[in-house]
Chemist: 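Let me begin by handing over the structure; questions about it come next.
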Amino acid sequence: MKKITALALTLCLCLFMVAGCGNNDAATSSSSTETSAASESSTEKTVTDVSGREVTIPSDVTSIVNLWPSYTASLYVLGAGDLVKAQAQSGLVNSWTEFFYPKAADVPALGGTTPSVEEIAKLDPDFVIVHPSSIASGYADQLAEVGIPALDLSLDSYDSMIDSYTVLGSALGGEYQEKTDKLTTLIKEKLDRANELTADLSDEDKPVVYYITGMSDSLTSTAAGEGTMQQSWVETCGGTYAPAQLEVSENTQEVTAEEVFAINPDVIFVGNTYQHKLVEELKTMDGWKDLNAVKNNRVYTIPYGCFGWDRYGMESTLLIDYALYCLQPEIAEENGIDHDYLVSEVIAFYKTFNGTEMTEEQAENMLNGLTPDGAVELDETAAQGQQQ
C-alpha cells in the first residue's frame, strides 16, 4: 500500500510539474510577444518640422540625403558627416570642411535641390532634408507620396535656427540631440548677453554698418532688406544695418556704389572667400577708400569654417561675440570679450560639437579668414555653394 501511495504521489508531482512547465511556456510566449510588439512600436518616431508638418521617421537614423546645400556644413560641424549619403550638389568643400570632415569630398552630389524622386528612392534614406523652396513647390509632398520622409529645416534668423536645430536633434536623437540642445542653449545665452550689453546704447553710439557678401569680387553685393540674418547680428551687437535702408527686397542684392557712398558707413564687414581681395580694393579704389570705415581702419573680414559665420548655420553662433567685439570694442573688452577669448571660444566650439581639437594657431587662422594652414583660399565653386 505504501508503494502504491508513493507511486501515486510521484505521478501527481510529475503531472503538476508538467502543468507548471506548460504555464511557464505560455507566460514566456506571452512575454516574448509583448517584447516584440514594444520593439516594433519603438522603431519609428514622429517629429514636427519647422513648417509644422508631422513626419514619421525611423527611431535609429543611419542615413540622410541633404538637398539644402547650406545645411550640409552644419551636419559636418555636428560630427554627423557619416550619416550624409548624398547631397544636393558639390561646392561646399573647402579646406576647413575637409579639416573637420576629411571624407566630405567623397559624398555624392545629386546635381540640384530637386533630383528625381526615383533617384532618391534608390538611396533609401531614413529622411531627406529638403531645400526651403521645395516645400512651396510640392517636392516634399512628392517624396512623401512614395514613402520617403522629408523634413523642412529652414532657417533665416537666430530664432529660426533654434527651431531648426531643435527639430534636427529630435530627428537624430542620442548624442546629436545632446549636441543640438547645447547649441540652442549657447545661441540663447550669447544673444541674451549681447542684447543686454547694447540695450542702453543711443543711436549716436551705434556705428552704421555696410556688409559685403564676398561671394564674388563685387563690392556692391550685399544682403539687404528687412529681416536678414546679417541685420539681426549687426543690430543685436550694437550697430545700425545700412543695407536695410536700401530699397531692395531680395536676400542677396547688387546695389550701386553711389548708394553706399551716400550712406558712408562707419564699419564694413566683408565675408566669404573673396574677402581679402575686396579689402585691398576698398583701400585703393576711388570713392571707397574715402569712406569713414576705411579711413578709420574699421573694415573687418568675417571668419568662415565649413560655412560663413555671417550666414545661417551652426557656426553663426560664433559671430555674435565676434560682431560685438568689432562693433562695440570697449563694451566687449569690459566684459571679457577680447581676442584671446575669441580664440578660446573657437577651439571650445569645434571641440564640443565636432570633436576636433584645434590649435591656437588654427583658431587664429579661422578668425582671420584663412585656411587651417594660414593660406588665402579663393575657391569660386565654394563661394557659389555658400549662396544656397
Side-chain angles (χ1 to χ4, degrees), residues 70-71 73-74 77-78 94 96 100 155-162 164-165 182-198 206-207 209-215 222-223 227-244 251-252 267-273 275 279 298-329 331-332 335-350 352-354 358 363-370 386-387:
S70 301
Y71 223 91
S74 289
V77 175
L78 194 64
N94 59 34
W96 283 111
F100 292 116
L155 53 94
D156 57 9
S157 67
Y158 285 110
D159 286 342
S160 59
M161 272 181 63
I162 292 171
S164 179
Y165 288 113
K182 289 179 182 177
L183 177 69
T184 55
T185 298
L186 186 63
I187 295 171
K188 292 173 185 176
E189 289 175 348
K190 289 185 179 296
L191 287 175
D192 287 345
R193 178 169 67 168
N195 279 314
E196 181 180 354
L197 293 177
T198 61
K206 298 177 181 179
V209 178
Y210 176 61
Y211 162 79
I212 302 172
T213 67
M215 295 178 188
T222 188
T228 59
M229 187 79 176
Q230 290 78 7
Q231 181 182 9
S232 176
W233 53 258
V234 166
E235 294 182 353
T236 295
C237 297
T240 298
Y241 191 61
N251 185 43
T252 302
V267 170
I268 296 176
F269 283 105
V270 190
N272 224 283
T273 54
Q275 56 184 249
V279 168
R298 298 202 69 185
V299 176
Y300 304 102
T301 56
I302 297 178
Y304 67 90
C306 293
F307 204 68
W309 288 14
D310 50 322
R311 295 170 62 76
Y312 30 83
M314 279 186 67
E315 293 154 300
S316 61
T317 307
L318 291 165
L319 187 65
I320 300 170
D321 286 340
Y322 179 81
L324 185 66
Y325 169 78
C326 295
L327 292 174
Q328 298 293 339
I331 292 176
N335 289 276
I337 303 173
D338 56 15
H339 184 76
D340 289 343
Y341 168 84
L342 294 176
V343 170
S344 65
E345 280 292 282
V346 169
I347 294 172
F349 181 87
Y350 290 99
T352 297
F353 296 107
N354 183 266
M358 299 173 68
E364 290 269 10
N365 289 338
M366 179 178 285
L367 285 168
N368 292 326
L370 302 172
Q386 297 220 26
Q387 297 181 41

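Side chains included, hydrogens not; waters and symmetry mates left out as well; all remaining heavy atoms used. Predicted model only: the values in this text are computed from it and were never measured.
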Chemist: Quick one: pull up NZ in K182 and CZ in F353 and give me the separation to the nearest 0.5 Å.
Modeler: 7.5 Å
Chemist: Any chance the rings of Y350 and W96 have centres within less than 6.0 Å?
Modeler: no
Chemist: After noting the C-alpha distance and the side-chain angles of T236 and Y158, does the key distance pass the side chain to side chain donor-acceptor pair (under 3.5 Å) rule?
Modeler: CA-CA 11 Å; T236 295; Y158 285 110; over 6 Å; no
Chemist: Nearest 0.5 angstrom please: T352 OG1 to L78 CG, how far?
Modeler: 11.5 Å
Chemist: To the nearest 0.5 Å, how far apart are CD in E235 and CG in L327?
Modeler: 11.0 Å
Chemist: Kindly give the heavy-atom pair with the smallest separation between D310 and W233, and that separation in Å.
Modeler: O-NE1, 3.2 Å
Chemist: Could you tell me which non-hydrogen atom of D321 sits nearest to which non-hydrogen atom of K190, and how far apart they are?
Modeler: OD2-NZ, 2.5 Å
Chemist: Report the C-alpha separation of Y312 and S160 in whole Å, then their side-chain angles, then the decisive distance to 0.1 Å, and conclude whether the side chain to side chain donor-acceptor pair (under 3.5 Å) test is met.
Modeler: CA-CA 10 Å; Y312 30 83; S160 59; over 6 Å; no
Chemist: Are Y211 and Y300 close enough that their ring centres sit under 6.0 Å apart?
Modeler: no
Chemist: If I compare all heavy atoms of A332 with all of L324, which pair ends up nearest, and what's the gap?
Modeler: CB-O, 3.9 Å
Chemist: Under a 4.5 Å cut-off applied to non-hydrogen side-chain atoms, are Q328 and L197 in contact?
Modeler: no
Chemist: About how many Å separate CD1 of I331 and SG of C237, when rounded to the nearest 0.5 Å?
Modeler: 10.5 Å
Chemist: Less than 4.5 Å apart, any side-chain heavy atom of L342 and any of E345?
Modeler: no
Chemist: Is the closest side-chain heavy-atom distance between N335 and R193 below 4.5 Å?
Modeler: no
Chemist: What class does the angle between the rings of H339 and Y325 fall in, given that below 30° is parallel, 30 to 60° is tilted and above 60° is perpendicular?
Modeler: tilted
Chemist: For the atom pair CG (L367) and CG (L318), what is the distance rounded to the nearest 0.5 Å?
Modeler: 8.5 Å
Chemist: For the residue pair S74 and Y165, confirm or rule out a side-chain donor-acceptor distance under 3.5 Å.
Modeler: yes
Chemist: Would the distance check show the side chain of Q230 and the main-chain N or O of A223 forming a donor-acceptor pair, the cut-off being under 3.5 Å?
Modeler: no
Chemist: Looking at every non-hydrogen atom in both residues, tell me the closest pair between P303 and M366 and how far apart they are.
Modeler: CB-O, 3.2 Å
Chemist: List the atom of N94, the atom of C306, and the distance in Å for their closest heavy-atom pair.
Modeler: ND2-O, 4.0 Å
Chemist: E315 side chain to F307 main-chain N or O, any donor-acceptor pair under 3.5 Å?
Modeler: yes
Chemist: Give a yes or no on whether the backbone of T213 and the side-chain of R311 come within a donor-acceptor separation of less than 3.5 Å.
Modeler: no
Chemist: To the closest 0.5 Å, what do you measure between CD1 (I162) and NZ (K188)?
Modeler: 5.5 Å
Chemist: If I compare all heavy atoms of G313 with all of S316, which pair ends up nearest, and what's the gap?
Modeler: O-OG, 2.6 Å
Chemist: Is there a donor-acceptor pair closer than 3.5 Å between any side-chain N or O of W309 and the backbone N or O of I302?
Modeler: no
